[in-house]
Amino acid sequence: MEIAKTYDPTIVEAKWYQYWLDNQIFASRPDPAKEPYTIVIPPPNVTGLLHMGHMLNNTIQDILIRRARMQGKEACWVPGMDHASIATEAKVVAMLQERGIDKKSLSREEFLAYVWEWKEKYGGMILKQLKKLGASCDWDRTRFTMEDSLSEAVTKVFVDLYNKGKIYRAYRMVNWDPKGKTALSDEEVVYKEVQSKLYYVRYRIVPENSIPGNEQTPHPEIVIATTRPETILADTAICVNPNDERYRHLHGKMVVIPFTDRQIPIITDEYVTMDFGTGGLKVTPAHDLNDYELGKKHNLPVIDILNDDGTLNDKCGVPKYTGKDRFAVRREIVKDLEAAGLLEKTEEYRSNVGYSERNPDTVVEPKVSLQWWLKMDELAKPALEHVLDDTIRFHPDKFKNMYRHWMENVHDWSISRQLWWGHRIPAWYDGQGNFVVAANQEEALGKFQVQYPESTGEIHQDEDVLDTWFSAWLWPISVFDGFKDPENADIKYYYPTNTLVTGPDIIFFWVARMVMAGYEFRHEFPFRDVYFTGIIRDQYGRKMSKQLGNSPDPISLMERYGADGVRTGLLFSSPAGNDLIFDTPVPKSNKPDDIANFLKTNDPLESKLCEQGRNFNNKIWNAFRLIKSWQEAHQPPPTPSKGGGFATLPSEGVRADVAIRWFEARFQAALAELEDHFSKFRISDALHTVYDLAWDDFCSWYLEMVKPEFGQPISREVYAATAGFFDRLLRVLHPFMPFVTEEIWQSLEPRQPGESICVAEYPKAEAPLPTPPRKEGEFLAPLSGAGGAAILEEASLAFEVVRQIRNLRNGQGMSPKVALELLVSTPDASAYESFGSVIQKLANVSAIRVNDAPDRKHESRTGTGFLIKSDEFFVPLETTVDAAKERQRLQKELDHQIGFLESVDKKLGNEKFVANAKPEIIENERRKKADAEAKIKSLQESLASLCG
RNA sequence: GGGGACUUAGCUCAGUUGGUUAGAGCAUCUCGUUUACACCGAGAGGGUCGGGGGUUCGAGUCCCUCAGUCCCCACCA
């Protein structure tokens, strides 16, 4: 069989994903014999498309779930979608507008028909894209927040919370999105600092109201600084600080609103800061939260001059402004004020302005309106407590602080939205101002008969829908039908879930509220661990977003580098809890010209990270090709040997028992490291561990050790051990790169139909064993712990020797093909007994003579040497070495050692160090001193002999 | 304004209770097309650990301070 030299993921990935689906590998059902491991996906927007954030987030979830599945747990990853009320509605409104249809011209039913049509057409694309990534979700469990049974859950919860007195209806100041024409929660407002202006406006004092005898007042007017001059028309008072001497004489007077004949009083309140602006504040209760509170305190009227779409209504009292947008009016009124001599001056000013999260160009208006609210104080208590006491663990735990701060200052949640796409609020009204909350119209009628027997006529349901997050916060419960049937087998088995993987940007929107719902409705936490991924940024440090056009297309990336390549590429640089910079080139701005210029000289899909991921895949692929070639090569019959073991074949050239024992020990150490990383959610570190294990230890060292000469056979035992290692290596790699590992695993040995590496057992760490006697024939004994540590130490010495010899050749410009002789002088020869053949093979050493040349320094032969710890090495060379080069090298090393010795001597000569440091530290310093002294002595001798 | 974090090689980051003269990957440079892999192999160079001060026998690590970057919360018009 011919195996391609480079791995081609394109065909392979689709093939195996289909195989996994066909064989129901990802399907899960409660199995009391197994421990459940559950993840619910953060449901992406139903009409959303995959972006880099999803890639990272879902890769991490997939790694966790695949590993758990291989560890024999009942792994269940529930996928699904969010109806994304405001985001989807905004998209459909825009789509209709393009088609020339105005939402206002449609009935609710007509509009919703369009949304459902849109959802059918574009919905769920993201789930298909997740399959490309390799996400091992149980697709049979796919849920949608607007499907019937989840909608029922929402209604049930609403009615329940209303009956408990936690949901209420009230007039309050809310954040109003004039584009979406809906209320928003505090969390849906994004503040941006913008350059604006501070306008100093003159308000004329009404003379009739001036105090008698004081007509010659020096202040016929009061100047007020404002950033929003258009709201002058909604002012209901001017407020100054009572202690402000400048305005004492104006207390209680009236001023005239410019361009109107409306008069408002000058009131006093200590709330006003004297040293900001002019020390005077215009009070606009309808359009500013603080003014609203101030207005309530002083019983001021509320004059709302804005329509729902942000245009001015006729309450503004100036006909020419009526019907115009607030920003247009701002420009106009500034001109008018100036013309009227009422604008004293204008100053540049930076201030924070709230924008709608979903309509990012839309400035949010504070607006008083009648909305539904959810009381948060009681819900927050257990949710806060159990994060602080680590019942629910945050990774990284710095997010606990953020969480605590929000929970301690939580405001009631404004849950109603003036939209159509979403869960309609289950409240019914009669025409007389009465209402009831009920699961459906029939129940509502019943309630009316009991509560309002006098009520007559038709009832109608609330027109508004609920905030998207009001269904999302139920997700870990509702996906298992925990509301519909609280005692069903699924919810009892899978809940609480194990791990939530999400971005820190939705910690308040979603995570905090899920915790609340968990305790409120199941009296238990919804997940044990929350892993917050970083946010993906571009090379300029900007968050990747559609608006900026700075995100590479994930599907194209996967087509170029393979899903496995992109997965590993992303994770190579994913510090736990920190943002990650993705390295594809991006245009500096999203202006068409910039993009065009950018594309002329840049490849937007070029990514060193993904390349590294792809190269890693290829490396594994080629290890496979090598091992496979051995399998197919002729193997000799089992080699007879003493004691049930085997003798190394000449073609292998090394003591295979040493190679095998060493890699076994190395593998065990890596497994322990992996376990540690995973337990701390250090996923990127875990990848680095398997990367090093596979590339360096397995490919560069182990395979090179046992590799027979070209065309020569390998012994059956070594092949079996190697194939066994490779199999286990593939298993630890599989969660990170599912496709390539499946492809190789399937070809490595004949497999049964339906068999898959996805459900192959994850390698377990062996219990530590005592050092096995190093007798031939016992090499297969499992080895770790003390025995493992010893062999790992011997190996690292041997590897250092190999590196030094390679380096020496390199420095002398010698070909690797020239075999060298190696003389060793050492107090402990054991490492050379076991690893001597390894050194010979990998460094191309013809013979090692250990403690065999005590007088080698007096030998007349030319050569060169080096030191590792206390072992001295000498390589005799036929040809004369470049003496100058060699001297330079030795001198450099000598200088380093002298400096090193000085620093050690300084420490040991310090009485306080000897008195205070821990004994093992001092012992270590003494050893360092002895080593350095030995090295210096040897180096000096070498230099001397080189000169002589 | 309140809170949190970060600043280590050209770049992206490790450095877990303070203890060898600080590590990795990428990039750069040198050598090598040898027989799994040039999506490869063997090497090299590159850091006064943001600045300053302190604690300590000893500081990348702990404390203070200054500077810069970022995030969250609040929203004095």
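Naming convention: chains lettered A, B, ... in sequence-line order (proteins, then strands); numbering from 1 in each chain. Remember, it's a predicted structure, so these values are computed and weren't measured experimentally.
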(request) Starting from P on B/rA42, measure out to CG on A/D696 and report it in whole angstrom. (result) 8 Å
(request) Could you please name the option among B/rG19, B/rC40, B/rA38 that lies closest to any side-chain atom of A/I921? (result) B/rG19
(message) Between B/rC6 and B/rA44, how many Å separate the two C1' atoms, rounded to a whole number?
(response) 32 Å
(request) Could you please name the option among B/rA36, B/rU16, B/rA77 that lies closest to any side-chain atom of A/T226? (result) B/rA77
(request) Identify whether any heavy atom of A/H688 sits under 4.0 Å from a base atom; if not, whether one sits that close to sugar-phosphate; answer base, sugar-phosphate or nothing. (result) nothing
(message) Can you check the distance between B/rA14 and B/rU7, where both ends of the measurement are the C1' atom (answer in whole Å)?
(response) 15 Å
(request) Between B/rA77, B/rC57, B/rC75, spot the one nearest the side chain of A/L289, thanks. (result) B/rC75
(request) Select base, sugar-phosphate, or nothing to describe what A/K608 touches, counting heavy atoms under 4.0 Å on all strands. (result) sugar-phosphate
(request) Can you tell me the pairing partner of B/rG47 across any strand shown, Watson-Crick or G-U wobble, with both distances under 3.5 angstrom? (result) none
(request) Compute the centroid of each ring, for A/F532 and then for A/F399, and state whether the two points are separated by less than 6.0 Å. (result) yes
(request) Measure up the A/Y691 and A/F572 rings against each other and bin them: parallel (under 30°), tilted (30 to 60°), perpendicular (over 60°). (result) perpendicular
(request) For a side chain to side chain donor-acceptor pair (under 3.5 Å) with A/N924, tell me which candidate from A/R927, A/R926, A/E920 qualifies. (result) A/R927
(message) Suppose you measure atom C1' in B/rC57 against the same atom in B/rG18; what distance do you get, rounded to whole Å?
(response) 12 Å
(request) Using both distances under 3.5 Å as the test, list the Watson-Crick or G-U wobble partner of B/rU33, or none. (result) none
(request) Can you tell me the pairing partner of B/rU16 across any strand shown, Watson-Crick or G-U wobble, with both distances under 3.5 angstrom? (result) none
(message) Would you measure the distance from the C1' atom in B/rG15 across to the matching atom in B/rG25 and give it in whole Å?
(response) 15 Å
(request) Taking only the side-chain nitrogens and oxygens of A/K398, find out if one of them lies under 4.0 Å from OP1 or OP2 of B/rG4. (result) no
(request) Please check the phosphate of B/rG15 (OP1 and OP2 only) for any side-chain N or O of A/R682 closer than 4.0 Å. (result) yes
(message) With a 4.0 Å cut-off on N to O distance, would you call A/K935 and A/D931 a salt bridge?
(response) no
(request) Among B/rC37, B/rC75, B/rA77, find the nucleotide with the atom closest to the side chain of A/Y191. (result) B/rC75
(request) Considering only atom P, compute the distance from B/rU56 to B/rU61 and round it to an integer number of Å. (result) 16 Å
(request) For A/R803, report the nucleic acid contact type (base, sugar-phosphate, nothing); a contact means any heavy atom under 4.0 Å. (result) sugar-phosphate
(message) Heavy atoms only, 4.0 Å cut-off, all strands: where does A/N916 land among base, sugar-phosphate and nothing?
(response) base
(message) Measuring to OP1 and OP2 of B/rG2, would you say a side-chain N or O of A/W406 lies under 4.0 angstrom away?
(response) no
(message) Over all strands shown, is A/Y199 touching base, sugar-phosphate only, or nothing at heavy-atom distances under 4.0 angstrom?
(response) nothing
(message) Tell me whether the rings of A/Y7 and A/W621 are parallel (<30°), tilted (30 to 60°) or perpendicular (>60°).
(response) tilted
(message) Checking contacts here: which listed nucleotide (B/rA77, B/rG19, B/rC40) is nearest the side-chain heavy atoms of A/F276?
(response) B/rA77
(message) Under 3.5 Å, is there any donor-acceptor pair linking the side chain of A/N810 to the base of B/rC31?
(response) no
(request) Quick one: label A/T273 by what it contacts on the DNA or RNA (base, sugar-phosphate, nothing), any heavy atom closer than 4.0 Å. (result) base
(message) Once you apply a heavy-atom cut-off of 4.0 Å, does A/K619 come out as touching a base, just sugar-phosphate, or nothing?
(response) base
(request) Could you please name the option among B/rA36, B/rC57, B/rC76 that lies closest to any side-chain atom of A/Y349? (result) B/rC76
(message) Taking only the C1' atom of each, what is the distance from B/rG45 to B/rG68 in whole angstrom?
(response) 30 Å
(request) Using a heavy-atom cut-off of under 4.0 Å over every strand shown, decide if A/F616 touches base, sugar-phosphate, or nothing. (result) nothing
(request) Could you tell me whether A/E933 and A/K929 have a side-chain N and a carboxylate O separated by less than 4.0 Å? (result) yes
(request) For A/R614, answer base if it contacts any base atom (sugar-phosphate contacts may also be present), sugar-phosphate if it contacts only those atoms, and nothing otherwise; contact means non-hydrogen atoms under 4.0 Å. (result) base
(request) Classify the ring geometry between A/F725 and A/Y702 as parallel (under 30°), tilted (30 to 60°) or perpendicular (over 60°). (result) perpendicular
(message) Looking at A/Y271, I'd like to know whether one of its side-chain N or O atoms comes within less than 4.0 Å of OP1 or OP2 on B/rA77.
(response) no
(message) Suppose you measure atom C1' in B/rC37 against the same atom in B/rG50; what distance do you get, rounded to whole Å?
(response) 42 Å
(message) B/rC40, OP1 or OP2 - any side-chain N/O from A/N615 closer than 4.0 Å?
(response) yes
(request) Could you say whether A/N409 or A/Q804 is positioned toward the 5' end of RNA chain B, judged by the nucleotide with the nearest heavy atom to each? (result) A/Q804
(request) Searching all strands shown, indicate the nucleotide that pairs with B/rG60 (Watson-Crick or G-U wobble; both distances under 3.5 Å). (result) none
(request) Please check the phosphate of B/rA77 (OP1 and OP2 only) for any side-chain N or O of A/N290 closer than 4.0 Å. (result) no
(message) Measuring only the P atom in each nucleotide, how far is B/rU55 from B/rG46? A whole number of Å is fine.
(response) 34 Å
(message) Need one value for A/I581: base, sugar-phosphate or nothing, where a base atom within 4.0 Å counts as base even if backbone is also close, heavy atoms only.
(response) sugar-phosphate
(request) Could you please name the option among B/rC26, B/rG4, B/rG41 that lies closest to any side-chain atom of A/Q612? (result) B/rC26
(message) Considering every strand and a 4.0 Å limit on heavy-atom distances, what is the contact class for A/N807: base, sugar-phosphate, or nothing?
(response) sugar-phosphate
(request) Classify the angle between the aromatic ring planes of A/F698 and A/F726 as parallel (below 30°), tilted (30 to 60°) or perpendicular (above 60°). (result) parallel
(message) Taking any heavy-atom pair under 4.0 Å as a contact, classify A/T6: base, sugar-phosphate, or nothing.
(response) base
(request) For A/C699, answer base if it contacts any base atom (sugar-phosphate contacts may also be present), sugar-phosphate if it contacts only those atoms, and nothing otherwise; contact means non-hydrogen atoms under 4.0 Å. (result) base
(request) Starting from C1' on B/rA27, measure out to CZ on A/F572 and report it in whole angstrom. (result) 16 Å
(request) Using a strict cut-off of less than 4.0 Å between a Lys/Arg side-chain nitrogen and an Asp/Glu carboxylate oxygen, indicate whether A/E193 and A/R350 qualify as a salt bridge. (result) yes
(request) Measure from the side-chain heavy atoms of A/K5 and tell me the nearest of B/rA38, B/rG41, B/rC76. (result) B/rA38
(message) Rounding to an integer number of Å, can you tell me how far A/D244 CG sits from B/rA77 C1'?
(response) 15 Å
(message) Ignoring hydrogens and geometry beyond distance, is the side chain of A/R537 in donor-acceptor contact with the base of B/rU12 at under 3.5 Å?
(response) no
(message) Measuring from the side chain of A/N622 (C-beta onward, heavy atoms only), which nucleotide among B/rA36, B/rC57, B/rG41 has the closest atom?
(response) B/rA36
(request) Side chain of A/K918 only, please: which of B/rG19, B/rC37, B/rA36 is the nearest? (result) B/rG19
